[in-house]
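Structure, as structure tokens:
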Amino acid sequence: MELSDRELVQKCQTGEMSAFEELVSRYHQKVYMVILGLLRNREDALEVAQETFFRAYRKINSFQGGSSFYTWIYRIAVNLAIDAQRRQKRNPLDFRESMDGLLESQDEVARDPFADVHDKELRQNLTNAINDLTPEHKAVIVLRTIEGLSYKDIGEILGCSEGTVMSRLHYARKKLQDKLSAFL
Amino acid sequence: MKDCENISESMGRWLDGELSPAESESIRAHVAQCAACREAQRKLEKLQLALEGALMAESKSIEFEPFWRAVQLRIAEKRTWYEDALDWSRGLFTASRAAWAIPALIALLLAVASLESYFPGWRGGAGRNAFAAVDSIDAHGRNVALLREYDSKTTVIWLYEDQEGENETAEEPPPPGPAF
């Protein structure tokens, strides 16, 4: 029988490394996606995702279970990604990596169910439009898109109210739609 | 037209399932008979699909094994001695054992602390490294402390100003000015 996140966290707290491994296995892709959505740089995103789980491991004993594990881990991920993004903006030359690699890798995913995503022009413009959003707006879009999280959970992760999540999401979508109007 | 503006504001929440059943039904009914709002809905859904596709496709490139090895490496590299000690002690202080283990630890510490009164000099020399202090020997706010270091057999006489005395002096009212 598959253990719940909470049970795995309890096992981690008694020092069971295999329980932590199971948590990493469950969330590494989603955490990576959230971070990639914010950073748009694969190497940096991988680095921050690994750091996220390392920090989670270090702090697992302080996790009280007041929120779900996924909101907790996403909160760590988003905070680290926003910090990394601010550092990158201070060092734009280090940060600047083209999205070509990312776009090529998407082409390799032959069974992508969303045919529209294969429109390279749309993706290129989507990437640019996302990059133009502020970290806060990117965060809500990415959390909503990837995990389908509720506004309440997103607010918990980002430390803001549901109303703020709603208005940021509305603004971010409007901004993206305006920039991509020719492709939608 | 006003309806369409309102619908446009709520369209995202509607598609996200964040509206009440009554609000959702109201929007659904409007969209069903409004071509402009259906178009807005289509665009929003297309944007959502594009975002999902772009992000999901990339996540598949992350394999678990190398990722987990990198996380393990970080954990191993950045462990500090106190984390190892904590891990070790965690085994000792499981919930079932904590009931007696904590009082036992306190009793042990108290016993060690009181050893000096029962066995003076058990640490290899009575009062080793202890300082002997002498009270103030005059009434001018000056103190004297006698410091004895046993290892080097050195005695230091330390004269110092009494801070409290200084403060009292500082707070004294200034002498009265010349009378006019």
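Here the structure is a predicted model, which is why all the values come from computation and not from measurement. Each chain gets a letter, A, B and so on, in the order its sequence line appears, and its residues count up from 1. What's counted below: heavy atoms across the whole structure, side chains too, no hydrogens, waters or symmetry copies.
Within 6.0 Å of atom NZ in A:Lys179, more than 12 heavy atoms from other residues, nucleotides or ligands are found, so the atom counts as buried in its surroundings. Annotation: A:Tyr171, atom OH; neighbour count of heavy atoms from other residues, nucleotides and ligands within 6.0 Å does not exceed 12.
Ion pairing between a basic and an acidic side chain is recognised when a charged N comes within 4.0 Å of a carboxylate O; B:Glu77 and B:Arg74 show no such pairing.
With a threshold of 4.5 angstrom between heavy atoms, A:Glu147 does not approach chain B through any atom at all. Both the backbone and the side chain of B:Leu44 come within less than 4.5 Å of a heavy atom of chain A. Heavy-atom distances place the side chain of A:Met166, and not its backbone, under 4.5 Å from chain B. Only the side chain of A:Leu169 comes within less than 4.5 Å of a heavy atom of chain B; its backbone N, CA, C and O stay farther away. For chain B, no part of A:Ala45 is nearby; none of its heavy atoms comes within less than 4.5 Å. Of the two parts of A:Tyr32, only the side chain, counted from C-beta on, holds a non-hydrogen atom closer than 4.5 Å to a non-hydrogen atom of chain B. Proximity to chain A (any heavy atom under 4.5 Å) is restricted, for B:Glu63, to the backbone atoms N, CA, C and O.
No side-chain heavy atom of A:Phe20 sits under 4.5 Å from any side-chain heavy atom of A:Lys11.
Judged purely by distance below 3.5 Å, without hydrogens or angles, the side chains of A:His137 and A:Thr134 pair a donor atom with an acceptor atom. A:Tyr74 and A:Asp153 form no side-chain donor-acceptor contact under 3.5 Å, judged by distance and modelled atom types alone.
Checked against A:Arg75 for a side-chain contact (heavy atoms from CB on, under 4.5 Å), the options A:Ile73, A:Asn79, A:Val78 give a single hit: A:Asn79.
Interface summary for chain A: among B:Gln72, B:Gln48, B:Met11, the most heavy-atom pairs under 4.5 angstrom belong to B:Gln48. Comparing A:Gly37, A:Ala49, A:Gly148 by heavy-atom pairs within less than 4.5 Å of chain B, the highest count is held by A:Ala49. With chain B as the partner, the residue from A:Gln29, A:Glu21, A:His170 showing the most heavy-atom pairs under 4.5 Å is A:Glu21. The choice from B:Glu9, B:Glu65, B:Lys43 that makes the most heavy-atom pairs within less than 4.5 Å of chain A is B:Glu9.
To the nearest 0.5 Å, atoms CZ (A:Arg168) and CZ (A:Arg173) are separated by 14.5 Å.
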